[in-house]
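What follows is a single structure, written as structure tokens, with notes after it.
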Amino acid sequence: MDGTVVAAHSNQGRDGKGRGLKANDYRIAALCFTCHAELDQGRAMSREERLNMWEDAHRATMGWLFENGVIGVL
């Protein structure tokens, strides 16, 4: 972690990602800039490792948003 927090959109087509299109804004994960760059351009992780990293971060992000009252269910 480098002290920054950015919204890392999913890189999966199932989440709305396409050529020249970002995934839907509700498919984000809060990551530091360095982790986001590694996720998108890095070579240190396999495709499966990157997918698992993003999924874990997305779940943690959504959990935090709900638990802290930032978002909720009507």
Side-chain angles (χ1 to χ4, degrees):
M1 295 199 123
D2 64 9
T4 62
V5 178
V6 297
H9 287 80
S10 169
N11 289 327
Q12 301 296 307
R14 67 181 182 197
D15 296 323
K17 170 72 173 155
R19 187 177 184 129
L21 297 173
K22 285 194 177 285
N24 296 309
D25 284 338
Y26 59 85
R27 293 295 285 165
I28 59 161
L31 294 174
C32 73
F33 178 83
T34 302
C35 292
H36 188 185
E38 181 61 34
L39 185 70
D40 284 350
Q41 290 98 28
R43 306 254 186 267
M45 295 182 284
S46 69
R47 178 177 168 84
E48 183 177 354
E49 289 171 324
R50 289 192 310 272
L51 177 60
N52 289 336
M53 174 190 172
W54 187 88
E55 290 289 342
D56 290 345
H58 174 69
R59 284 186 178 88
T61 300
M62 291 297 112
W64 187 93
L65 292 170
F66 273 98
E67 290 165 7
N68 288 278
V70 178
I71 59 176
V73 177
L74 297 176

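Numbering starts at 1 and runs along the sequence shown. Values reported hereafter were calculated over all heavy atoms of this structure, with side chains retained and with hydrogens, waters and symmetry mates removed.
Connection of Met45 to Trp54 is established within a shared hydrophobic cluster, with ILVMFWY side chains joined at heavy-atom distances below 4.5 Å, either directly or through further cluster members. Hydrophobic cluster membership differs between Phe33 and Val5, with clusters built from Ile, Leu, Val, Met, Phe, Trp and Tyr side chains linked at under 4.5 angstrom. Hydrophobic clustering of Ile, Leu, Val, Met, Phe, Trp and Tyr side chains at less than 4.5 Å, counting indirect connections, unites Val73 with Val70.
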Criterion side chain to side chain contact (heavy atoms under 4.5 Å, CB included) on Leu51 and Glu48, from CA distance to verdict: CA-CA 5 Å; Leu51 177 60; Glu48 183 177 354; 5.6 Å; no
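One finds the NZ atom of Lys17 at 14.0 Å from the CZ atom of Arg27 (value rounded to the nearest 0.5 Å). To the nearest 0.5 Å, the span separating CH2 on Trp64 from CD1 on Ile71 amounts to 10.0 Å. With rounding to the nearest 0.5 angstrom, the CD atom of Glu38 is 7.5 Å from the CE atom of Met53.
A heavy-atom distance below 4.5 Å is not found between the side chains of His36 and Thr4.
Contact detail for Leu31 and Ala57: the closest heavy-atom pair is CD2-CB, 3.7 Å.
Panel note: side chain His9, backbone Ile28; no donor-acceptor pair is recorded below 3.5 Å.
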